[in-house]
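One structure is given here, and the rest of the page talks about it.
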Amino acid sequence: MTTHNAELVVDLDQYRANLAALRAAAPGALQMAVVKADAYGHGMVPVARAARDVADWLGVATPAEALTLRAAGDAGPLLCWLTVPGAPFTELAEAGVEVTASTADQLAAIADASDLARAQLKVDTGLSRNGALGPQWDELVATAARLQAAGRIRITGVWSHFACADEPHDPANDRQEQVFVAAVDDLRAAGIDPGLRHLANSAAVVTRPSSHFDLVRVGIASYGIAPDPAVPVPQVRPVLTARTVLANVKRVPAGAAVSYGRRWIADRTTTLGLVPVGYGDGIHRTASNRAEVGFAGERLPVRGTICMDQMVVDLGDRSARIGDPVTLFGPGDDGEPSAQDWADAAGTIAYEIVTRLQGRWSRTYRGER
Ligand SMILES: *Cc1c(COP(=O)(O)O)cnc(C)c1O
């Protein structure tokens, strides 16, 4: 920790334990570990390698993510679900990556690209994001039947995504599930074996067994973070610890103004600590004057504006020295805040707190095999 000012420690044993616990929560289904967006900021390649010890499938959003995994030696079942025209469907097929079709044109492009093409079909059951809806779904099903009958593609699955699985009592969840079941029936009626049927994300794994079908896609909970404070996942613990050391310590008098915009003024003589990470490292500036960090088993408030490279914390009258450890967030073993605490301070969700951690951190992996 000398060339890098701050460190992310990723506990892969905990990650495997989380996956195992989530598997027990969906015992009848296969498990897909979602490692998109650099494994939610945890580091895609090492996390994916650990995931293979437990999960059946990996899931990523983009072709670049899928091909990066293959280039790193990953060879297991892998689904990619977000492409644009010109996507490397030939390369993906040759790499054994399954891709997702949300439109008939997309499915035709996938079939044209390779004799090996395997595609899963995405139906929009109410999120209104990707996936086919209404007449577009009918067209996608008809195209799939035609291409498969001609031996030009293999349909290996059908899937959709919840809009509010983290609000388990919302009736929209039931409706989405019903639409999904009807879509599976559409495929069968068209003579297509639907293959793997999947709908559940982390929240649905713990709240909606009826949505588990053949496979569940676990993201946030595998990293030990609840999808929402209202959907606790007691079986898991956070995988990631974000930590650094004090880069400076100084005593300031009452009236001292801290950081850009002078948005915190000391009301007494106090000791300030300089924490050498900021929004350039993915720390949310909106947590200025609100977040806390862990220090020697206690929490210290962030004072003033969080800057690009640094932030200031209030040590009060504690004795502290340059180089003393500071934990921004972690599993809480030493009283430090959680990613959820940072999300509350920043006005966002815990997903964004970890996923934004990019750039200048060093990453240390515990439990690599
Ligand atoms: C990101 C994502 C997931 C994982 O969702 P979590 O809430 O993190 O479990 C599952 N499925 C799809 C399609 C996704 O994009």
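In what follows, every heavy atom counts, from backbone to side chain, and hydrogens, waters and symmetry copies are set aside. For reference, positions follow the sequence shown, starting with 1. For ligands, and for the atoms within them, numbers begin at 1 and follow the listed sequence.
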*Under the side chain to side chain donor-acceptor pair (under 3.5 Å) criterion, do Thr125 and Gln176 qualify, and how do the steps go?*
CA-CA 5 Å; Thr125 55; Gln176 283 198 256; 2.8 Å; yes

*Hey, which atoms in ligand 1 end up nearer than 4.0 Å to a heavy atom of Asn201?*
5 (O), 7 (O), 9 (O)

_Looking only at protein heavy atoms, which one is nearest to atom 7 (O) of ligand 1, and what is the separation?_
Tyr351 OH, 2.6 Å

*asked:* Is a donor from one side chain sitting under 3.5 angstrom from an acceptor on the other, for Trp159 and Thr100?
replied: yes

*Before signing off on this row, confirm whether Ala203 and ligand 1 have an N or O atom pair separated by under 3.5 Å.*
no

*So, Asn130 versus Ser102: side-chain donor-acceptor pair below 3.5 Å or not?*
yes

*Could you tell me the residue and atom name of the protein heavy atom closest to atom 4 (C) of ligand 1, and the distance to it rounded to 0.1 Å?*
Tyr40 OH, 3.3 Å

*Just wondering, more than 12 heavy atoms not from Arg268 lying within 6.0 Å of its CZ?*
yes

Show every donor-acceptor pair shorter than 3.5 Å between a side-chain atom in residues 134-143 and any protein atom, with sequence neighbours excluded, or say none if there are none.
residue : atom : partner : partner atom : Å
Trp137  : NE1  : Asp186  : OD2          : 2.9
Thr143  : OG1  : Glu139  : O            : 2.7

_Closest approach of any protein heavy atom to atom 10 (C) of ligand 1, naming residue and atom_ = Arg217 NE, 3.5 Å

*List every atom of ligand 1 that sits less than 4.0 Å from any heavy atom of Lys36, numbering the atoms from 1 in the order shown and giving each element.*
1 (C), 2 (C), 3 (C), 14 (C), 15 (O)

*When you look at CG of Asp267, are more than 12 heavy atoms from neighbouring residues, nucleotides or ligands closer to it than 6.0 Å?*
yes

*Please say whether Ile220 places an N or O atom under 3.5 Å from an N or O atom belonging to ligand 1.*
yes

Name the atoms and distances for all side-chain donor-acceptor pairs under 3.5 Å in residues 26-47, with sequence neighbours left out.
residue : atom : partner : partner atom : Å
Gln31   : NE2  : Leu19   : O            : 3.0
Asp38   : OD1  : Met44   : N            : 2.7
Asp38   : OD2  : Arg363  : NH2          : 3.3
His42   : ND1  : Ala39   : O            : 3.0
His42   : ND1  : Tyr40   : O            : 2.9

*asked:* I need the nearest protein heavy-atom contact for atom 13 (C) of ligand 1: residue, atom name and distance, please.
replied: Trp159 CZ3, 3.4 Å

_Residue and atom name of the nearest protein heavy atom (relative to atom 9 (O) of ligand 1), distance in Å to one decimal_ = Ser202 OG, 2.5 Å

